[in-house]
Q: 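Dropping the structure in here first, questions after.
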Amino acid sequence: MNYRKFDLEERLIDFGVLIIEASEKMPKTAAGRHLADQLLRSGTAPALIYGEAQAAESKKDFIHKMKVAHKELRETSINLRMLLKAKMLVDELLLSESRQLVAIFQKSIDTAKGGAD
């Protein structure tokens with residue numbers, strides 16, 4: 001994914017699409033279905049939650065929604081790590097993108113809060 005103009009919403013949508021595609025390729029075993037379902041939920045949620053954050057009613061509401069999206073991204077990243085270790089998914093780039101998005105959201109939250117928790 002190469003973004004000339006940084007557009008977080010579009011990046012999150014693209015990430016969600018990649019998650020959808022990855023979940024469809026997962027093994028049809030009990031573990032594969034379980035992790036695919038969880039990956040689908042946590043990996044597509046950030047784009048939707050970010051849309052809510054853009055319409056936040058206050059700074060506090062914005063920070064809260066960004067924290068929820070951040071949690072979903074962290075969950076997705078851990079799920080991808082498990083899938084890679086279990087050799088159920090081979091997509092290091094997807095894991096890299098999830099880690100980058102986690103870092104972007106952490107920085108955005110810190111900036112919105114003024115750098116302090």
Q: Is a side-chain donor or acceptor of Ser96 paired with a backbone partner of Glu92 at a separation under 3.5 angstrom?
A: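 Flag not set: sc Ser96 to bb Glu92 has no pair under 3.5 Å.
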Q: Considering residues, nucleotides and ligands other than Lys87, do more than 12 of their heavy atoms fall under 6.0 Å from its NZ?
A: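 12 or below, so no.
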Q: Would you say Val68 ends up clustered with Leu12 if hydrophobic residues are merged whenever their side chains have heavy atoms under 4.5 Å apart, either directly or through other cluster members?
A: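 No: no chain of side-chain contacts under 4.5 Å links Leu12 to Val68.
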Q: For the atom pair CE (Met88) and CG (Leu83), what is the distance rounded to the nearest 0.5 Å?
A: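 CG of Leu83 is found 6.0 Å from CE of Met88.
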Q: Can you tell me if Asn79 uses its side chain to pair, donor with acceptor, with the backbone of Glu75 under 3.5 Å?
A: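 Not at all, since once roles are kept as given, no pair shorter than 3.5 Å links the two residues.
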Q: Quick one: CG on Leu35 to OG on Ser23, what's the gap to the nearest 0.5 Å?
A: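 With rounding to 0.5 Å, CG (Leu35) is 11.5 Å from OG (Ser23).
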Q: How far does NE2 of His70 sit from NZ of Lys107, to the nearest 0.5 angstrom?
A: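 It is 12.5 Å, given to the nearest 0.5 Å.
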Q: So do the side chains of Leu8 and Leu101 get within less than 4.5 Å of each other, counting heavy atoms only?
A: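 Touching, per the 4.5 Å side-chain cut-off.
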Q: How far does NZ of Lys85 sit from CG of Leu80, to the nearest 0.5 angstrom?
A: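 That separation rounds to 13.0 Å.
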Q: How far does CZ of Arg33 sit from CG of Leu40, to the nearest 0.5 angstrom?
A: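 Rounded to the nearest 0.5 Å, the CZ-CG separation comes to 14.5 Å.
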Q: Begin from the C-alpha positions of Arg11 and Ile104 and carry the test side chain to side chain contact (heavy atoms under 4.5 Å, CB included) through to its verdict.
A: CA-CA 11 Å; Arg11 189 168 175 179; Ile104 290 166; 3.4 Å; yes
Q: Do you reckon Val102 sits in the same ILVMFWY cluster as Leu94, going by side-chain contacts under 4.5 Å, direct or chained?
A: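 In one cluster with Val102: Leu94, yes.
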Q: Does any non-hydrogen side-chain atom of Met66 lie less than 4.5 Å from one of Lys113?
A: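 No; the side chains remain at least 4.5 Å from each other.
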Q: Gln38 and Arg41: which non-hydrogen atoms are nearest, and at how many Å?
A: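 In this case the closest contact between Gln38 and Arg41 is OE1-NH2, 2.9 Å.
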Q: Would the distance check show the side chain of Lys59 and the main-chain N or O of Ala112 forming a donor-acceptor pair, the cut-off being under 3.5 Å?
A: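 Yes, Lys59 side chain to Ala112 backbone: donor-acceptor pair under 3.5 Å.
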Q: Rounded to the nearest 0.5 Å, what's the gap from CZ on Arg81 to OG on Ser98? Could you check?
A: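 Between Arg81 CZ and Ser98 OG, I get 9.5 Å after rounding to 0.5 Å.
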Q: Are Phe105 and Phe62 co-members of a hydrophobic cluster defined by side-chain heavy atoms under 4.5 Å apart?
A: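 In one cluster with Phe62: Phe105, yes.
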Q: Tell me the closest heavy-atom pair linking Ile19 and Leu39, and the distance in Å.
A: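 That closest heavy-atom pairing would be CG2-O, 3.4 Å.
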Q: Check for me, please, whether Ile49 and Ile63 land in the same ILVMFWY cluster - side-chain distances under 4.5 Å, paths through other members count.
A: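 Per the 4.5 Å side-chain linkage, Ile49 and Ile63 are not co-clustered.
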Q: Show the numbers, then the answer: is there a salt bridge (Lys or Arg N to Asp or Glu O under 4.0 Å) between Lys65 and Asp61?
A: CA-CA 6 Å; Lys65 286 176 172 49; Asp61 187 35; 2.6 Å; yes
Q: Per the side chain to side chain contact (heavy atoms under 4.5 Å, CB included) rule, which among Thr44, Thr76, Ile20 passes with Phe15?
A: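 The option that passes is Thr76.
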Q: For residues Lys25 and Leu89, determine if any side-chain heavy atom of one lies less than 4.5 Å from a side-chain heavy atom of the other.
A: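 No; the side chains remain at least 4.5 Å from each other.
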Q: Write down the atom of Ser42, the atom of Glu72, and the distance for their closest heavy-atom approach.
A: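 Shortest heavy-atom separation between Ser42 and Glu72 comes out as CA-OE1, 3.2 Å.
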Q: Is there a path of hydrophobic side-chain contacts, each under 4.5 Å between heavy atoms of I/L/V/M/F/W/Y residues, joining Ile13 to Leu18?
A: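 Per the 4.5 Å side-chain linkage, Leu18 and Ile13 are not co-clustered.
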Q: Is any side-chain heavy atom of Thr29 less than 4.5 Å from a side-chain heavy atom of His34?
A: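 Result no, sub-4.5 Å side-chain heavy-atom pair not found.
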